[in-house]
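Inspection log for the structure reproduced underneath, given as structure tokens.
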Amino acid sequence: MYKDYYVSVIIAAAGMSNRMGSKINKQFIAIGGKPILAHTIEKFEKCRYIDEIILVAKEEEIEYCRKEIVRKYKFNKVANIIRGGKERQDSVYNGILALNERSNIVLTHDGARPFVKNENIEDGIKGVIEHGACVIGVPVKDTIKIVGNEKDIEDTPIRDLLWAAQTPQCFFKDILIKGYENAIDTGFYGTDDSSIVEEIGYNVKMIMGSYENIKITTPEDIILAESLIKDRNTIFNGRNFIFQSR
């Protein structure tokens with residue numbers, strides 16, 4: 001199924017990290033002894049169906065990413081490190097312009113989502129082949145309220161219909177390009193890549209993701225991330241122990 005496709009992933013790592021309150025880009029903060037961004041890239045580096053990785057970073061951080069992330073951790077699939085734009089949407093578009101001409105499936109992913117699972121990546125690629133465009137996400141657990149400017153509750157949507165969109169978001173390249181060209185022509189700015197494709201009337205499927213696939217945004221998320229790293233290492237070491245005991 002996959003051999004006829006060249007799959008690229010654009011990892012957006014040019015954010016401002018304002019909510020983290022850190023002096024350095026949140027994606028360079030270490031969890032489990034390794035930068036968040038390195039954990040994220042590693043997931044796609046190890047996926048057998050990913051052919052290239054385009055990393056988008058702040059202009060002043062490109063060389064740091066090259067030396068301290070890509071070369072240090074020997075990420076061979078990173079084909080290019082591109083300068084980010086003013087908004088995330090601008091950064092992803094810069095990444096689109098740098099794609100290999102053979103690319104026909106494109107995944108977009110947040111650099112600060114280091115816990116994406118390989119099965120989620122593969123499900124996303126399969127979703128593109130079957131539907132043309134899809135998003136990884138999870139059903140919301142909380143009741144959601146729509147609140148007006150005066151903090152009055154205006155509506156309570158049916159929770160069963162609500163999902164939290166994650167990344168990767170996955171598309172045939174020509175569909176994603178059409179969405180971005182329309183956004184440029186009309187001045188449309190979406191909250192994610194899916195909304196840009198939805199704007200041109202294309203149906204986007206939701207694919208079940210994982211509640212562990214968190215986006216690290218605040219200091220509290222770092223605590224949760226360290227806990228997830230510790231839990232995974234405990235499970236891994238436990239399996240090794242069982243294997244060796246046999």
Side-chain angles (χ1 to χ4, degrees), residues 1-14 37 40-57 65 70 75-85 87-111 113 116-137 165-186 188-210 213:
M1 175 186 293
Y2 302 102
K3 65 180 181 179
D4 297 326
Y5 299 96
Y6 188 98
V7 184
S8 306
V9 57
I10 299 169
I11 297 180
L37 183 57
T40 302
I41 296 173
E42 184 177 47
K43 299 302 190 300
F44 293 92
E45 178 82 19
K46 289 184 175 180
C47 179
R48 56 182 171 168
Y49 300 121
I50 297 296
D51 294 296
E52 72 165 346
I53 298 169
I54 303 296
L55 180 60
V56 186
C65 285
V70 176
F75 292 135
N76 298 317
K77 290 184 180 180
V78 176
N80 214 332
I81 306 176
I82 301 298
R83 175 180 59 84
E87 303 290 343
R88 183 187 185 279
Q89 182 169 319
D90 303 314
S91 294
V92 172
Y93 185 65
N94 288 350
I96 290 172
L97 295 177
L99 292 171
N100 189 298
E101 62 180 13
R102 292 181 292 164
S103 175
N104 45 25
I105 291 179
V106 181
L107 281 56
T108 61
H109 190 72
D110 299 319
R113 286 191 191 270
V116 61
K117 296 180 179 179
N118 186 71
E119 65 192 72
N120 301 142
I121 300 171
E122 293 189 9
D123 285 347
I125 297 170
K126 182 179 179 182
V128 173
I129 295 170
E130 294 179 350
H131 306 293
C134 66
V135 171
I136 303 299
Q166 302 177 339
T167 63
Q169 301 193 353
C170 317
F171 315 88
F172 276 127
K173 183 171 76 171
D174 60 340
I175 294 173
L176 185 61
I177 288 175
K178 286 178 183 177
Y180 265 86
E181 287 176 344
N182 175 73
I184 292 170
D185 291 342
T186 62
F188 174 78
Y189 269 84
T191 53
D192 65 356
D193 299 301
S194 171
S195 62
I196 293 170
V197 170
E198 293 163 33
E199 183 71 7
I200 60 172
Y202 204 93
N203 290 331
V204 180
K205 292 289 184 181
M206 180 64 78
I207 304 292
M208 185 65 188
S210 166
N213 187 20

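- Put simply, the side chain of Lys77 gets close to the backbone of Cys47: a donor and an acceptor are under 3.5 Å apart.
- Of all non-hydrogen atoms in Leu107 and Cys170, the two that sit nearest each other are CG-SG, 3.7 Å.
- Take Ile175 and apply the side chain to side chain contact (heavy atoms under 4.5 Å, CB included) test, not counting sequence neighbours, and it matches Phe172, Val197, Tyr202.
- Partners of Glu199 under the side chain to side chain contact (heavy atoms under 4.5 Å, CB included) rule, at least two apart in sequence or in another chain, are Asn182, Phe188.
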Passes salt bridge (charged side-chain N to carboxylate O under 4.0 Å, His left out), Arg88 versus Asp192? Steps please.
CA-CA 8 Å; Arg88 183 187 185 279; Asp192 65 356; over 6 Å; no
I'd like to know whether Ile11 forms a side-chain contact (heavy atoms from CB on, under 4.5 Å) with Leu37, so could you lay out the CA-CA distance, the side-chain angles of the two residues, the decisive distance to 0.1 Å, and finally the verdict.
CA-CA 9 Å; Ile11 297 180; Leu37 183 57; 4.1 Å; yes
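- One distance of note links CD of Glu119 with CD1 of Ile136; it measures 9.5 Å at 0.5 Å rounding.
- Contact record, Val116 with Pro168: CG2-CD, 3.8 Å, taken as the closest heavy-atom pair.
- Separation of atoms CG (Asp51) and CZ (Phe44) is listed at 13.5 Å; rounding is to 0.5 Å.
- Just one of Leu97, Ile200, Asp90, Ile196 meets the side-chain contact (heavy atoms from CB on, under 4.5 Å) condition when paired with Tyr180; it is Ile196.
- Looking at every heavy atom in both residues, Ser194 comes nearest to Val135 through CB-CG2, 3.4 Å.
- Taking each heavy atom of Ala98 and Ile54 in turn, the nearest pair found is O-CD1, 3.8 Å.
- Leu55 has its side chain within reach of Cys65: a pair of non-hydrogen atoms, C-beta onward, lies under 4.5 Å apart.
- Residues Phe75 and Ile53 have side chains not in contact (no heavy-atom distance under 4.5 Å, counting atoms from C-beta outward).
- Contact annotation: the side chain of Tyr5 never approaches that of Ile125 to less than 4.5 Å [non-hydrogen atoms, C-beta and beyond].
- Atoms CG and OH, from Asp193 and Tyr93 in turn, are 13.5 Å apart once rounded to the nearest 0.5 Å.
- Not a single donor-acceptor pair under 3.5 Å links the side chain of Asn213 to the backbone N or O of Lys117.
- Ile96 and Ile10 make their closest contact through N-CD1, 3.5 Å (heavy atoms, listed as atom of the first residue, atom of the second, distance).
- Not a single side chain to side chain donor-acceptor pair (under 3.5 Å) links Gln89 to another residue, sequence neighbours left out.
- Across every non-hydrogen atom of Glu198 and Val204, the tightest pair is CG-CG2, 3.9 Å.
- Side-chain contact between Asp4 and Asn104: absent, with no pair of heavy atoms (C-beta onward) separated by less than 4.5 Å.
- Here the CD-OG1 distance, from Gln169 to Thr108, works out to 5.0 Å after rounding to the nearest 0.5 Å.
- The side chain to side chain donor-acceptor pair (under 3.5 Å) test applied to Ser91 returns no partner, not counting sequence neighbours.
- Every residue meeting the side chain to side chain contact (heavy atoms under 4.5 Å, CB included) condition with Lys205, not counting sequence neighbours, appears here in chain and number order: His131, Cys134.
- For the pair Glu52 (side chain) and Asn100 (backbone), a donor-acceptor distance under 3.5 Å is present.
- To the nearest 0.5 Å, the span separating CZ on Arg113 from CG on Asn120 amounts to 11.0 Å.
- Annotation: side chain to side chain contact (heavy atoms under 4.5 Å, CB included) contacts of Thr191 (sequence neighbours excluded): Ser195.
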